[in-house]
Amino acid sequence: MDSGHLITIQHLKKHFAMGAGKFTALNGIDLTFDKGEFTGIIGPSGSGKTTLLNIIGSLDVPSEGKAIVMGKSVGDLGAREAAMLRKTKLGFIFQSYNLLQVHTVYENVEFPLLLLGIDAATRKQMVKDALEWVGLTDKTSSRPAQLSGGECQRVAIARAMVKKPEIVLADEPTANLDAANSHHILQTMEKLNHEFRTTFIFATHDEKVIGYIRRKIFLEDGKVAKDELITKS
Amino acid sequence: MLMAFKLALRNLIGAGLRTWLNVIVLSFAFVVIIWHKGILDGWDRQARTDMISWEAGGGQYWQQNYDPYDPFTISDSHAPVTGTLQNMVGHGTLTPILITQGTIYPSGRMLSVLIKGIDPAQKILAIPSAMLDTASGDIPAIIGTSMAASSKLKTGDHVTLRWRDRNGAFDATEIRIAGIFKTNVPTVDGSQIWLPLSKLQQMMLMPGEATILVCKQRNESFPAAAGWKVKDLDFLLADMNNIIKSKTAGGMVLWGILMMLALLAIFDTQVLAIFRRQKEIGMYVAMGMTRRQVVALFTTEGAMHAVLATLLGAVYGIPLLALQAIRGISFPVSGSDYGISMAERLYPHYGIRLIIMTILIVMIATTIVSYWPARKIARMKPTDALRGKIQ
Ligand SMILES: Nc1ncnc2c1ncn2[C@@H]1O[C@H](COP(=O)(O)OP(=O)(O)OP(=O)(O)O)[C@@H](O)[C@H]1O
Ligand SMILES: [Mg+2]
């Protein structure tokens, strides 16, 4: 069963209850992901991108089939184990940033480390590093409301990366950003992907993102329509 | 746990005005209950001491027919003081009081009064009986200030007193107001005059007799005496205790309303928070918190209102209440309106037990109303929360 892949998805289906019947959002997905990928899941609205990402992120469970993330079958994890997996191995980036508005940039980035129970001195250094990666060392005590959208998303990237997770899942990370900011964000993530071999999986239909990713998985009506590696550059 | 505390505090302070409104109302609830209870406790203490020193002593013996609420039995409620009781009087641990009814006629009016005979040499009650000097041969009497006001009598005035002796025969004489005393205890003041015991005994043809005998304070032994009933302090102060209890109950209603308001506001804040902060909740779960931990975080946030309210209440409450405890509070009403002792200046008494109990009750209640809506989080699907779609 353990294929040596970072993530293995087998015959995955996801149904949602819909009135009396059910709606199939994912309809038989087979995929594998390896360490260090920089991959985009691309598809029109409603094709199931978010649903797939949520299952990989152990926020949701498969209805049929399997999703094995770092050797753990998502559907079989208890609430505690799933939380532990997310806490230690996964980082999330959301379309709407989802920062804590009442906390400073520093505190937002520090949050995952507090959850991990890391001591104050180490925490301080790690937050400092993460803010350096995204180029926000001069905004540590600002609050999200005082930042631009691009800066907010960079805070979110720092928050996702600060604990050096194995996998970063990013759902439409550039949807709220203009072109210049989108490129900046993507370059930042690309750099981190190179530096730490962190696996990045995006859900997107943004052309700008598509220009950066090295593997494109096309999703249509809950099925993989195309899966291609881009070898150039 | 410390993290939840830290995080909750940040979130709460960050929420700004709403938090402070809740905290202010809750702190009012705190201060009002402590203040109100403090006044009642202070009043209770003052009234107790006053009642004991002016009227109750350390307990009393009542002639078996005596019933202060039944004026028709008063003429039968007297008996000679003999045996053990007489010895106790001799030792100064008991003082006899003879009570009867009469009428005075100050400036042509007619006033029904209780006549009480007290030993001028007694040291047991605070009644200034020493003012009843019998040297000049006439009959001296002392009255309280409220009696003086209602009868318009002044020191040195003479007034006619009429009474019935033990055989039912009417008699009248002139008495002289030898002094006016001030007391907080209405039951030794209103509608009564105090005469020297021996004079009253003569007038009533009841030598050596008494209606009640007052023990000295902190008297411990109450030997039984035939024809006399022992009335301990619990009995003598029961009326006062009941009045204070009913005042306490009245205050609790006010406090209950304040508490309800505060708790409702916190409950509302919590319910709103859980709707408005769905994405945040989803984010917490995505970052690796279990839903249990998120519930704990939100509950802590709500419960923290009580912590902040305690601090805020302390900031303005301690100086305010301490000032009152030192300077006292003056009341425009007179004690006789309540039928029990009430000083013009009350010194509230704030017990540590009262304060701790209040803080505990507020903390627990706040935690419950915070937890109640937060439970909903435990049933939330994190994916729905992240989409902010929960209704
Ligand atoms: N909790 C749910 N209950 C019912 N239906 C759902 C639920 N979540 C998703 N769906 C449905 O499943 C389908 C796939 O949704 P999903 O959010 O994965 O799409 P998506 O590809 O991310 O779309 P978008 O680009 O708009 O974000 C949609 O039709 C959606 O309505
Ligand atoms: Mg989506």
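Chain A is the first sequence line, chain B the second, and so forth, proteins listed ahead of strands; every chain is numbered from 1.
When heavy atoms are compared at a cutoff of 4.5 Å, A/N54 approaches chain B solely by way of its side chain, counted from C-beta outward. In this structure, chain B has a heavy atom under 4.5 Å from the side chain of A/S96, while its backbone stays farther away. Contact of A/R143 with chain B is not made at all, since no heavy-atom distance falls under 4.5 Å. A/E107 touches chain B through backbone and side chain together, each having a heavy atom under 4.5 Å away.
Taking the charged nitrogens against the carboxylate oxygens, A/E132 and A/K139 have no contact shorter than 4.0 Å, which rules out a salt bridge. The residues A/E81 and A/K72 are annotated as not salt-bridged, no charged nitrogen and carboxylate oxygen being separated by less than 4.0 angstrom.
Few gaps surround CG on B/N242; more than 12 heavy atoms of other groups in view lie less than 6.0 Å from it.
No close placement of the A/F23 and A/F16 rings is indicated, their centers lying 6.0 Å or farther apart. A ring-centre distance under 6.0 Å is found for A/W133 and A/F196.
Screening residues 161-172 of chain A for side chain to side chain donor-acceptor pair (under 3.5 Å) gives A/K35-A/E166, A/T50-A/D171 as the qualifying pairs, with residues at least two apart or on separate chains.
Each of A/T51, A/L115, A/L90, A/D60 has some count of heavy-atom pairs under 4.5 Å with chain B, and the biggest count is that of A/L115. Among the candidates B/I13, B/T383, B/T290, the residue making the largest number of heavy-atom pairs closer than 4.5 Å to chain A is B/T383. The candidate from A/K87, A/H103, A/Q101 with the greatest count of non-hydrogen atom pairs under 4.5 Å with chain B is A/H103.
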